Participant: 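Pasting in a structure now, in structure tokens, and then I'll have a few things to ask.
Start at 1 and go down the list; that is how both ligands and their atoms are numbered. This structure is a prediction, so every number in the text was calculated from the model and none was measured. Numbering of residues begins at 1 and proceeds along the displayed sequence.
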Amino acid sequence: MGRKRRARRMARILAETHPDAHCELDHGNALQLAVATILSAQCTDKRVNEVTPKLFARYPTAADYAGADRAELEQLIKPTGFFRNKTTSLINLGQALVERYDGEVPGRLTDLVTLPGIGRKTANVILGNAFDVPGITVDTHFQRLVRRWEWTDETDPVKIEHAIGALIEKRDWTMLSHRVIFHGRRVCHARKPACGACTLAAACPAYGTGPTDPLAAKLLKGPRARDLAAAAGVDPDLVPAQAAAADVP
Ligand code: SF4
């Protein structure tokens, strides 16, 4: 099967498999998403979501970050790790937004990537989720899976973004990113993918990378682990209770 046809077929299955796919960083506006994305470097989304309610309440505007007391901000975001660098990024981001964009997060890739702490990946997350501009988010899961699925051989994130953009229709880019990342966190793990309990099994060129018997259902993760098993034609009772309760990476 041609690469594009196979990729689109897999994308359709992913859409059915993960109807709940969404940006896992809690946010209410573009600024909050930019801040949460900066905090998510080397940290789980869950940990970020534990920190942000207090943070967003204390610093509702870009001007608040620009004028933040460094020690106080550091304390608030400490649980996300690398808190000194992240504090610098947040203060610089606030200052740049105030100085150059009237305190608003701009809605264009070319502007976003000039902001402190915002690389192309973060910019695409913000565009796709806060501005409804289709964007492909090449994070570690996305990168790993599209290469495993032979959608591309590229290793550079920007080249991966363009290669996948040529395979999948633009209007689907943002949701595809969420679905691929969901699959990477819940089913297609780096070391031991749950091939025997995966809805993509029949279409996946990497089928067999992980165990292929139905007991692979034990490897499924997240609150919908039982649904994921059932969707793959596997007995949901094979999913241990703790797998369904476990945090996704
Ligand atoms: S079949 Fe295996 S390698 Fe392919 S997507 Fe599913 S879990 Fe990943």
Participant: Quick check on contacts: which atoms of ligand 1 are under 4.0 angstrom from a heavy atom of Cys198?
Facilitator: 1 (S), 5 (S), 6 (Fe), 7 (S)
Participant: Within ligand 1, which atoms have a heavy atom of Trp149 less than 4.0 Å away?
Facilitator: 5 (S)
Participant: Between CZ of Arg185 and OG1 of Thr140, what distance do you get to the nearest 0.5 Å?
Facilitator: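 Rounded to the nearest 0.5 Å, the CZ-OG1 separation comes out at 9.5 Å.
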Participant: Any N/O/S atom, side chain or main chain, of Cys195 closer to atom 2 (Fe) of ligand 1 than 2.8 Å?
Facilitator: yes
Participant: Would you call Arg224 and Asp20 a salt bridge, using N to O less than 4.0 angstrom?
Facilitator: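 Salt bridge between Arg224 and Asp20, a charged N being under 4.0 Å from a carboxylate O: yes.
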Participant: Could Arg186 and Phe182 be counted as a cation-pi pair, given that NZ or CZ must be under 6.0 Å from the ring centre and within 45° of the axis?
Facilitator: yes
Participant: For the backbone of Val180 and the side chain of His141, can you confirm whether one donor and one acceptor N or O come within less than 3.5 Å of each other?
Facilitator: no
Participant: Of the protein's non-hydrogen atoms, which lies at the shortest distance from atom 3 (S) of ligand 1, and what is that distance?
Facilitator: Ala206 O, 3.6 Å
Participant: Using modelled atom types and a 3.5 Å cut-off, is there a donor and acceptor pairing between side-chain atoms of Lys218 and backbone atoms of Leu238?
Facilitator: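 It does not hold such a pair.
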Participant: Looking at Cys204, which atoms of ligand 1 are within less than 4.0 Å of one of its heavy atoms?
Facilitator: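 Those atoms are 1 (S), 3 (S), 4 (Fe), 5 (S).
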Participant: Quick one: nearest non-hydrogen protein atom to atom 7 (S) of ligand 1, plus distance?
Facilitator: Pro193 CB, 3.6 Å
Participant: Among all protein heavy atoms, pick the one closest to atom 8 (Fe) of ligand 1 and tell me residue, atom and distance.
Facilitator: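 The protein heavy atom lying closest is Cys188 SG, 2.3 Å.
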Participant: So, for Phe56 and His27, is the gap between ring centers shorter than 6.0 Å?
Facilitator: no
